[in-house]
Every structure is written in C-alpha cells, then in structure tokens.
Asks: 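Encoded as structure tokens, here's the structure I'll be asking about.
Residue numbering restarts at 1 for every chain, and letters A, B, ... go by the order of the sequence lines.
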Protein chains: 2
Amino acid sequence: MTQTSRPAQLTGEHRYRNGEKLVGRSDPVWQAAAEHGLLDIGVDPLPGGAYLVPETGHRFINMCSCSYLGLNDHPAIIEGAVQALRETGLTGPSVSPTRIQLNLLGRLEQELGELFGARVFSGLSCSVLTAGILPLLAAGQLAEGGPRVMVFDRHCHFSMAYVKPICADETIVLTCDHNDLDYLEEVCRQYPSVAYVGDGAYSMGGSAALDGLLELQDRYGLFLYLDDSHSLSLMGDRGEGFLRSHLEMSELTILVASLSKGFGTGGAAAMLGDPRLSTLLARHGGPLGWSQEMSVPLIGASLASAAIHRSAELGQLQRKLQANVDYFDELLPTPLAGNGLPVRRITVGDADRAIELSAELYRRGFYCSAVFFPIVARDEAGIRVIIRSDVSRQEWASLAGHIKEITAIA
Amino acid sequence: MTQTSRPAQLTGEHRYRNGEKLVGRSDPVWQAAAEHGLLDIGVDPLPGGAYLVPETGHRFINMCSCSYLGLNDHPAIIEGAVQALRETGLTGPSVSPTRIQLNLLGRLEQELGELFGARVFSGLSCSVLTAGILPLLAAGQLAEGGPRVMVFDRHCHFSMAYVKPICADETIVLTCDHNDLDYLEEVCRQYPSVAYVGDGAYSMGGSAALDGLLELQDRYGLFLYLDDSHSLSLMGDRGEGFLRSHLEMSELTILVASLSKGFGTGGAAAMLGDPRLSTLLARHGGPLGWSQEMSVPLIGASLASAAIHRSAELGQLQRKLQANVDYFDELLPTPLAGNGLPVRRITVGDADRAIELSAELYRRGFYCSAVFFPIVARDEAGIRVIIRSDVSRQEWASLAGHIKEITAIA
C-alpha cells in the first residue's frame, strides 16, 4: 500500500470548508427559493434585453445581469464572434495553449494589454485564472521573498476563498475582516512576505480599501492579488476598471477580471505587474496550461469588444450607466448609494422575506436575485439589484416603485 | 485580529503539492523545450488541418491535437455556433446559471443526456466540473454513507489531483498506484465509505481497470468518479465513450468529459448516475454556480455536434480513426499498441532526448509534444502522438518513418 497508517479521524479538519454544514444550513433556503420559482428559470431572449419563459408566457427583465454596459448583445460583438469562426474555420485548436496558440489569441492579449496598460494573460474564466495563480503565489514563485502568508479578505469572491486549502498546503492562510487594514498591517509586521487577496469592486457591493493597500504595498512589500471583474469596462478611459484606473502596476500586483461581465464576451484576463510571469504561469499554473483556452468565437467577440473600448462609444456607455446608477440612488437610496459602482442591495434581514420580495418582483416583471447565506451574512439577506446602461429610466423608476411598495407592505 | 496565534512554521505541510520544488525541478526542462522552439508556437490555421507560423513561413501538422475525430473544424459545427449567435443575438446571459439559464443550454443538456444515456450537467470545462463536484463528494453530500475517503489514482489527470487539498479539508485523501485494485479493495475494507478518482481513457495512454472497479462498486459501494475526456465521441454507438459504453450508470457513478476534444466544441458534460444531484450541484457546487457557463456559440456548436453524433457520420469517423490507430500501431509498435485508444507515447528516457526528438520532428513538419516530469514519470520522458481521423495514411507513414529514422540515429 502507498500509505499504510490509518489516520486518526475519518473526516478532514474543516479549516476552510464544511460541505455537510454548508448544504445542511443553506439548502432549505435554496429550496424555498426554488419553490417560489426563483431558480432554474429557463428563458428565451427577447429583443431589447428582456426574457420570455415559453411555458408560461411570462416576460421579465433580468435586473441581475452583470453585462453592465449591455455589450453581451452588441451587434458588433456578435459579428466579431461570427467572423473569427468563419476566418479560422475552427472552434479551437484542442491543444495545450502552453504549446501551440492561435495568433488570434496572441493578438487579443496584445490588444487587451494596450487597453489596460499591463501584460495580459488570458484564461478560460476568472476562477480558472485564480485557481492557477494563487497556489503559485502562496508557494512564493511569483515574487522574491519565499512563500507568502496569504491573507484573504472575508468578503473576497468565492472563487478565491475556494482555493484556500490548496494555498494552505504551501503556506499560512489567514482570513481578515473586510478591508481590515490594521489586521493586515499587523500580519505584514509579523511575517516577512505577505499577499492580500480580495476584490476591487465587490460582487455584493462596495470596494477595496485601495489607498491603504497601496501604502502597505509600499511600506512592507505586500503583494496584491485583486479580482476586479465587477468594474472592468465600467470605469477608466479604456475600461481598465476601478483598480487599474487608480493604481500603477507594480511587480507585486496582479489584477484579474472576467470578460463575461462588463466586457460583454467571455473568458478572463490577468493583468500582470511583472510581464515575465506570463511564461511561468503558462508552464506551472495548473489549469492555465492544461485547461481549455478561450474558444475562437469568444476571442473574436473579445477583439470586437476591444475595438469598442478604444472608441468613443465606451465613454457614452459608461456615462449612460453612471446616469442610471445616480438615478437609481436618487429613487431608492441604500447604504451603498453614491459609491459610483453599480451593485446595490436591498437588505431585508431574513431569507424568507428576501425570497418573498424577489418572488413578488419577479411576478411584476423584474428579476432581482434573493441573496442569503452563504452569499451574504446570515442576517443580511435581501435582494441584489445590478444597475446597467441598457435599461431605460422608466424601468428603473418602475422597479424602484415596486420595491418601495412591496417592502412597505411587508 | 481574526486569528492571533502565530503558527509554528512559515510554510504549509506540502502534503499534496510543493510549488517551489515543482518549479525548481521542472522549469529547466520547460526552458530547454522553449529554447528548442517547442513552446508558445503562434499559429494561423491552414486548410486541411495544418498550421502556419507566419514569421518563419514554417508549416506543420499538429500531431497532438485532441480533436480525435477532426470535429473542431467541421463546417456544420462552425455553422451551429454561428446560428446560435444569430438566433439569440447574445454571447451569453451573464447571470448565474443556477438562477437563469437559456433554454438553448437546457436543450443541449437534454440532447447530450439522450445520447449518453444519463442525466447530463454541463460546465465551462471538465476541470471546472471536477473542482465543483469532488469536494462535495468528499464531504459525503452526493450519496449516502457520510464523508468518503477519496482514493486518487496516481495517474489521474492533474485537474483531479489539483483539488486534493480541498477534498482533504473534508475527508481522508489517499493516492493509489495506477490501477492498483488490491490497494483499493483494502481501503474499501478498512473504511465505510470510499470514492475512487481516475480517468477512463488516460491522457498519457492506457485505461481504467474497469471490470475490477465495477466489482468493487458492487461489493463495497465504492463511488466511481471518472474523467473520460480522452474517449468521448471516439467510442460507443452514440459517442458515449469508453466508460459509458462499458458500464451501466449507478447512483454511485459520475463520469465527466470535456467537449473540447473528440466532441469538437468546448465546455464539458458530467453524466450523473443519480439525476437528483443536478439540483445539488447547481446550488452548492462552487464554480458550477458562480462560474461562467458555456457560451452561446459553444452551445450552438455542441448542438450541431450532437446531431452528428446521432447520424451515420459518427460511425464513419470512428472507423476512420480506428483504421489510423491500427495503421500507426502496425507502422510503429509501442507498448500501448492494440489497446484501441488513440494516445501513443514514444518513450526515450531522458527529457533532453525527448526534446531533441520533438524538435527534429517539428523541423520536419510534425508537432509531437515532448512530455517529461511532472507530466510523466522522471525516467519516462518521450513524445506523445495523438492519432486522429482527419490525417491521411500517407502522413502517418511519413511521421512513423521520421520517428524511426531519428530514434535510430540518436
């Protein structure tokens, strides 16, 4: 036998996860959401960004789409996908991208790099980039100074928290309270080499404490690994996002972002402060080398989106989005109002009320997802509203009116 | 501070990985491969499945494409992708698939389910499916019997071995020698609840010890999680693959397979023995709920590929592939000859010789990737040849002739 000694206990240590508890605690709530018709909604797209449920004839607008600028149905992007398919005659080359890559993908990485002002390394999705990069960062392979103590922000996206156990096989893994810079500084004082893992614009609202993080980077050599999926394209002259438009890249910085949200296509981009890391990630980054690459149609769509990002149209879309954000904040002020980012939450406290609110809104033609534990803290259940550019003022006013009416009744 | 005590040591336990050692040991070999021009080859596709390196004018055939049936450039599949883009006008809905899904994706899961004779759950890639499913399996959430001791086959694909540390936070994780049924049976005797994790057709050649595994499943309730990416479409009347054409699904079986190889498109499919798991995976399967879904063009391409799988064309392609496999085995017998699967390795022993052989073949117009540690064991470096249907007998004869000539010289 490869390993003969029988371990002392039959379960793991549950330091970072406990599937049994997670399912046990949250499944009843998911089940309630399902019973209210809020899960697994099968739709056909309608012109104008609405959806139809063919079995019932119900029509609704998805107010939780992360296509913040409405680019996922932009005709030029659809044509970009079609053109790449026609030109190459391929879905993809079906070989490790570390070995052989289409020049079309190289061109996309080049164009994204010029847009965002950093070396860009592409990936199948942002979670795949994270799964490939964080363990190498933990092992001390992405910068000088040996293995890095990894400090995960408590609110960082699940895709990052998910790989904590992998990182923990390489180094010490800690979790800090959301934006707790004091804690982070204490860790930086205590350990020679530290990395911070968090979001730029948080998926459930709010943003990174960027100034403080940059100060810690400057003072202690803190490595910053930040996921800015929820602001890419929305902010910055070239759509470089909240983070990249507020910081200079350093060799101690990696920003990652999905291209399937504001950017409107699919796949993901890592902006590398140290361009030499590109080679290392391709060879040793696990899923970055053996997983699927971005498919040909998504490369073509992304090239078309990059062209929009270089044009005046980007600014127009960003301003439309900002006007909608401001308008919604005016209609329905929430704790996140005025932060300039487009994710809003209407917190109602318990999961049942959140589900009822979501169900009633859906009945009235708007889908706003009910969010509850473990998506948000147990006493912060509510609905999530994602403002975007391609929904009219009239619809935002209507949604805000319904929310006010229902929550006043409830 | 959230956690105040300073842990005893500055690094992790390295029970499942050691990034520093991995990079330190394998990077020099990767570097040698790069210096021989074998990595990061940027190509434009040429008609007939060849590639052009525009800077040098070099033309070559990729003899390591996993598009075993040549479906990645099938005109009907390209048209399927275009049609889905045109019909929906979308790249994708940019929302969690657990909440809202295009009916087009539901239709694909339905059609794949009919082809393969199992409930199908789709995913962005096979590694994403694995990352989502294995931790829940480890936690005992996918079948009765509590947390399962996870036994990973030493040769299982990296995408499975990668999540060992996540599983280890839930349960006991063991590694067994390749196809070591005796060991596996001993574990089954020792522990109440066990799962085995391995490949169907292995990416570096060979296959699972299926009969023995089924016997252990029958006798001990062993859960089988098997990745059959390298035989889907190639085998079975409907392309259901090596495993599915040799076993009946049980509630203790999950098979996963990439759609980007034989199937010719992208994304992945899990075949679930217990159809009820679909709901659980969508809600609690981490990346399965929050990660990107299959994009619209790949759904369209996959529907077109499913139609080919229902037609007589599939059998023709499978027979062409088989004829090429038999012909190659006749031209150049290797230890894997006659196993009916299309992955072959020419083992030369050390990595430098493998790289030189690969480089010389590439110069002569054939790309066969050099494989070395950690892809294969340290003393088993060599080249990998992937037989496929859409390369002519003449080319296989030419490749075999070159290999014989070069290895005789070397």
Asks: How about B:V23 and A:L136: do any of their side-chain heavy atoms sit closer than 4.5 Å?
Replies: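 Sidechains of A:L136 and B:V23: in contact.
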Asks: Select one option (side chain, backbone, both, neither) describing which atoms of B:P135 are under 4.5 Å from chain A's heavy atoms.
Replies: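 For B:P135, the contact with chain A is made by backbone and side chain together.
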Asks: How long is the straight-line distance from CG of B:L39 back to OG1 of A:T279, given to the nearest 0.5 Å?
Replies: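 Going from the OG1 atom of A:T279 to the CG atom of B:L39 covers 9.0 Å.
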Asks: Could you report the tightest heavy-atom contact between A:Y51 and B:P93, atom names first, then the distance?
Replies: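 Where A:Y51 meets B:P93 most closely, the heavy atoms are OH-CB, 3.3 Å.
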Asks: Based on non-hydrogen pairs under 4.5 Å, which of A:E20, A:R148, A:Q101, A:H14 is most in contact with chain B?
Replies: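 Ranked by heavy-atom pairs under 4.5 Å with chain B, first place is A:H14.
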Asks: Measure the shortest side-chain to side-chain distance between A:D40 and B:T98 over non-hydrogen atoms and say whether it is less than 4.5 angstrom.
Replies: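 No, too far: nothing below the 4.5 Å cut-off.
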Asks: Is B:L124 close to chain A through its backbone or its side chain, or both, or neither, when contacts mean heavy atoms under 4.5 Å?
Replies: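 Contact with chain A: backbone and side chain both.
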Asks: What part of A:S295 is in contact with chain B, defined as an atom under 4.5 angstrom from a non-hydrogen atom: side chain, backbone, both or neither?
Replies: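 When you check distances to chain B, only side chain atoms of A:S295 fall under 4.5 Å.
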Asks: Do the side chains of A:P54 and B:N103 get nearer than 4.5 Å, heavy atoms only?
Replies: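 A side-chain contact exists here, since the closest heavy-atom pair is under 4.5 Å.
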Asks: What residue, out of A:G266, A:A301, A:S369, has the most heavy-atom pairs lying under 4.5 Å from chain B?
Replies: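 Sorted descending by pairs with chain B, the first entry is A:S369.
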Asks: With respect to chain A, which residue among B:K261, B:H74, B:R99 yields the maximal number of heavy-atom pairs within a distance under 4.5 Å?
Replies: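 Maximum pair count with chain A is reached by B:R99.
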Asks: May I ask you to name which of B:C64, B:A139, B:G286, B:S159 has the most heavy-atom pairs under 4.5 Å with chain A?
Replies: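 Heavy-atom pair counts peak at B:S159.
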Asks: Report which part of A:L142 has an atom under 4.5 Å of a heavy atom belonging to chain B: side chain, backbone, both, or neither.
Replies: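 For A:L142, no heavy atom lies under 4.5 Å from chain B.
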Asks: For B:E87, which atoms come within 4.5 Å of any heavy atom of chain A: side chain, backbone, both, or neither?
Replies: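 It is neither, since no heavy atom gets under 4.5 Å.
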Asks: For chain B, which candidate among A:G92, A:C167, A:C66 shows the most heavy-atom pairs at distances under 4.5 Å?
Replies: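 It is A:C66.
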Asks: What residue in B:K164, B:Q31, B:R17 has the most heavy-atom pairs under 4.5 Å with chain A?
Replies: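 Answer, by heavy-atom pair count under 4.5 Å with chain A: B:R17.
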Asks: To the nearest 0.5 Å, how far apart are CG in A:L102 and CG in B:D44?
Replies: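 So the CG of A:L102 and the CG of B:D44 are separated by 8.0 Å.
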Asks: Can you tell me which portion of B:F263 sits under 4.5 Å from chain A's heavy atoms? Options are side chain, backbone, both or neither.
Replies: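 Neither the backbone nor the side chain of B:F263 comes within 4.5 Å of chain A.
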Asks: Identify which of A:L105, A:I166, A:V163 forms the greatest number of heavy-atom pairs closer than 4.5 Å to chain B.
Replies: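 If we count pairs closer than 4.5 Å to chain B, A:I166 comes out on top.
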Asks: For B:L280, which atoms come within 4.5 Å of any heavy atom of chain A: side chain, backbone, both, or neither?
Replies: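 Side chain of B:L280 only, per the 4.5 Å heavy-atom cut-off to chain A.
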Asks: With respect to A:V95, which candidate in B:I41, B:I386, B:N62 satisfies the side-chain contact (heavy atoms from CB on, under 4.5 Å) definition?
Replies: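 Only match with A:V95 under side-chain contact (heavy atoms from CB on, under 4.5 Å): B:N62.
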Asks: Are the side chains of A:V296 and B:I78 in contact, using a 4.5 Å heavy-atom criterion?
Replies: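 In short, these two side chains do not touch, never coming nearer than 4.5 Å.
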Asks: Using every non-hydrogen atom in the two residues, find where B:G264 and A:T91 come nearest and quote the distance to one decimal.
Replies: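 Heavy atoms only, the tightest pair is O-OG1, 2.8 Å.
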Asks: Measure B:Q141 against the heavy atoms of chain A and call it side chain, backbone, both or neither at under 4.5 Å.
Replies: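 The answer is the side chain of B:Q141.
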Asks: Please classify the contact between B:I100 and chain A as side chain, backbone, both or neither, with a heavy-atom cut-off of under 4.5 Å.
Replies: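 When you check distances to chain A, atoms from both the backbone and side chain of B:I100 fall under 4.5 Å.
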Asks: Could you tell me whether B:E79 and A:R86 have a side-chain N and a carboxylate O separated by less than 4.0 Å?
Replies: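 Yes.
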Asks: Can you tell me which portion of B:V128 sits under 4.5 Å from chain A's heavy atoms? Options are side chain, backbone, both or neither.
Replies: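 Side chain only.
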Asks: Between B:D182 and chain A, which part of the residue has a heavy atom less than 4.5 Å away: side chain, backbone, both or neither?
Replies: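 The answer is neither part of B:D182.
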Asks: For the candidates A:S125, A:S203, A:G140, A:P297, which exhibits the highest count of non-hydrogen atom pairs separated by less than 4.5 Å from chain B?
Replies: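 Highest number of pairs under 4.5 Å: A:S125.
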Asks: Give me the ring orientation class for B:H157 and A:W290: parallel if the planes are under 30° apart, tilted from 30 to 60°, perpendicular past 60°.
Replies: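 B:H157 and A:W290: perpendicular rings.
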Asks: Please flag which part of B:S67 lies under 4.5 Å from any non-hydrogen atom of chain A: side chain, backbone, both or neither.
Replies: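 Its backbone and side chain both get close to chain A.
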Asks: Considering only heavy atoms, which portion of B:S26 lies under 4.5 Å from any heavy atom of chain A: side chain, backbone, both, or neither?
Replies: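 Both the backbone and the side chain of B:S26 come within 4.5 Å of chain A.
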Asks: Between B:D27, B:I77, B:L22, B:N18, which residue shows the highest count of heavy-atom pairs closer than 4.5 Å to chain A?
Replies: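 Heavy-atom pair counts peak at B:D27.
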Asks: Pick whichever of A:G24, A:A268, A:G267 has the most heavy-atom pairs under 4.5 Å with chain B.
Replies: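 So the answer, after comparing A:G24, A:A268, A:G267, is A:G267.
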Asks: Would you check if B:D169 and A:E13 make a side-chain contact, meaning some heavy-atom pair closer than 4.5 Å?
Replies: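 B:D169 vs A:E13: side chains touch.
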Asks: Quick check: closest heavy atoms across A:G19 and B:E170, and the distance to 0.1 Å?
Replies: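 The pair with the smallest heavy-atom distance is N-OE2, 2.7 Å.
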Asks: With a 4.5 angstrom heavy-atom cut-off, is it the side chain or the backbone of A:Y68 that approaches chain B, or both, or neither?
Replies: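 Looking at A:Y68, nothing touches chain B.
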Asks: Spell out, as yes or no, whether a donor-acceptor pair under 3.5 Å connects the side chain of A:N72 to the backbone of B:L90.
Replies: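 Here the side-chain-to-backbone pair does not exist.
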Asks: Between B:G106, B:P287, B:P147, which shows the greatest number of heavy-atom pairs under 4.5 Å with chain A?
Replies: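 Ranked by contacts with chain A, first place is B:P287.
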Asks: If you count heavy-atom pairs under 4.5 Å with chain A, which of B:S193, B:P45, B:A33 comes out on top?
Replies: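 When all of B:S193, B:P45, B:A33 are compared, B:P45 has the most.
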Asks: Would you find a donor on one side and an acceptor on the other, under 3.5 Å apart, between the side chain of B:S260 and the backbone of A:S94?
Replies: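 The answer is no, because no donor-acceptor pair under 3.5 Å joins these two groups.
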Asks: Does a side-chain heavy-atom distance below 4.5 Å link A:S258 with B:Q292?
Replies: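 A side-chain contact under 4.5 Å exists here.
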